Amino acid sequence: DAKTTQPNSMESNEEEPVHLPCNHSTISGTDYIHWYRQLPSQGPEYVIHGLTSNVNNRMASLAIAEDRKSSTLILHRATLRDAAVYYCILRMVYNQGGKLIFGQGTELSVKP
Amino acid sequence: AAGVIQSPRHLIKEKRETATLKCYPIPRHDTVYWYQQGPGQDPQFLISFYEKMQSDKGSIPDRFSAQQFSDYHSELNMSSLELGDSALYFCASSLGLHGGNTIYFGEGSWLTVV
């Protein structure tokens, strides 16, 4: 299985941008890169996903390296509500039932 | 917009009892996933269903079983409960299995085994 590597934790100041890195050197050509976040005692929340091109939505931006071996989730202005565990997950196309395999994510803390 | 609905939200059972968790996917979603998350752990995949057929199986104990019904809702049955089964159980749904589709999670069902 293609795996991802993320820092255990990161800190950010409120109102500042946050760049959360993810390495996935064994990614295959058909793996989508998904990002989810989870607040304590809540279900994982979808943030963004992409395949090859950079993606933007109302929550965040996803920057994907040209070789696809790494990606970065960008929160443009961190708020206290963004404090959560962020998971970078490779989702295979049609293999393994399309499930998400959660690894160790990055715990983001936001300081006021 | 309608989200994934799980019931009950909280459940307390004694050891060796049986518990059933229900999941109602987002309307038109045909794929359901079950996850278990113990205290301080990451969510662990248990089992998934696509169009009422099991599509994948993870680390689901033999004491657990699940199915997806004709209306696409799913139930997770847990028998001979053990203390270690105490966890937060998430259901998620998606439209198909394609990796580019989004999976949406419910708020979870808290199971406490005493």
Side-chain angles (χ1 to χ4, degrees), chain A residues 1-6 8-9 22 24 27-53 55 57-60 62 64 68 71 84-107, chain B residues 1 3-6 9-10 21 23 25-26 29-51 53-60 66 68 87-112:
Chain A
D1 298 340
K3 296 190 184 299
T4 63
T5 304
Q6 301 176 248
N8 289 342
S9 61
C22 181
H24 28 78
I27 190 171
S28 73
T30 53
D31 287 344
Y32 282 80
I33 302 161
H34 285 252
W35 283 83
Y36 282 76
R37 70 182 185 182
Q38 186 178 27
L39 279 67
S41 302
Q42 294 189 22
E45 178 186 25
Y46 168 77
V47 178
I48 200 167
H49 77 277
L51 183 61
T52 56
S53 304
V55 184
N57 66 21
R58 64 175 181 80
M59 290 183 69
L62 176 60
I64 301 173
R68 301 209 326 126
S71 62
V85 177
Y86 286 78
Y87 294 98
C88 167
I89 304 170
L90 301 182
R91 188 173 178 214
M92 302 177 184
V93 179
Y94 292 124
N95 290 334
Q96 300 188 336
K99 64 180 180 287
L100 297 169
I101 302 175
F102 288 83
Q104 179 183 333
T106 297
E107 185 169 9
Chain B
V4 178
I5 306 297
Q6 292 187 242
R9 294 296 313 282
H10 299 272
L21 305 181
C23 171
I26 291 172
H29 281 193
D30 51 15
T31 307
V32 168
Y33 310 80
W34 285 97
Y35 286 81
Q36 177 191 58
Q37 187 171 27
Q41 298 182 357
D42 302 310
Q44 297 296 311
F45 171 73
L46 293 178
I47 196 167
S48 63
F49 294 88
Y50 168 65
E51 281 291 346
M53 298 288 290
Q54 180 180 308
S55 56
D56 199 357
K57 193 172 182 179
S59 51
I60 184 170
Q68 186 178 33
L88 188 53
Y89 290 82
F90 292 111
C91 172
S93 74
S94 68
L95 183 59
L97 297 170
H98 192 277
N101 293 342
T102 301
I103 297 178
Y104 296 93
F105 284 78
E107 295 187 1
S109 292
W110 278 102
L111 171 65
T112 302

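Residue numbers begin at 1 in each chain, while the letters A, B, ... track the order of the sequences. Computed from a prediction, not measured in an experiment: that's the story for all the values here.
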Relative to chain A, which segment of [X] carries a heavy atom at a distance below 4.5 Å: side chain, backbone, both, or neither?
| X | value |
| --- | --- |
| B:Gln37 | side chain |
| B:Phe90 | side chain |
| B:Leu88 | side chain |

Are [X] and [Y] packed together at the side-chain level, in the sense that at least one heavy-atom pair is separated by less than 4.5 angstrom?
| X | Y | value |
| --- | --- | --- |
| A:Arg91 | B:Asn101 | yes |
| B:Pro43 | A:Gln38 | yes |
| A:Tyr46 | B:Phe105 | no |

Exercise. Nearest 0.5 Å, what's the OH-OG1 distance between A:Tyr36 and B:Thr102?
Worked result: 5.5 Å

Problem set entry | Interatomic spacing from OG in B:Ser94 to NZ in A:Lys99 - rounded to 0.5 Å |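 The NZ atom of A:Lys99 is 13.0 Å from OG of B:Ser94, to the nearest 0.5 Å.
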
Exercise. Considering residues at least two apart in sequence or located in another chain, which fulfil the side chain to side chain contact (heavy atoms under 4.5 Å, CB included) criterion with B:Gln41?
Worked result: none

Exercise. Which bit of A:Glu45 comes within less than 4.5 Å of chain B, counting heavy atoms only: side chain, backbone, both or neither?
Worked result: neither

Exercise. When the aromatic ring centroids of B:Tyr35 and A:Phe102 are compared, is their separation below 6.0 Å?
Worked result: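 Yes, close enough.
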
Exercise. Judged by atom type as modelled, is there a donor-acceptor pair below 3.5 Å linking the side chain of A:His49 to the main-chain atoms of B:Gly99?
Worked result: no

For this session: Can you sort out the partners of A:Tyr87 under side chain to side chain donor-acceptor pair (under 3.5 Å), two or more places apart, ordered by chain and number?
Result: B:Asp42

For this session: Could you tell me which of A:Ile33, A:Val85, A:Leu100 has the largest number of non-hydrogen atom pairs under 4.5 Å with chain B?
Result: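 Of the options given, most contacts go to A:Leu100.
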
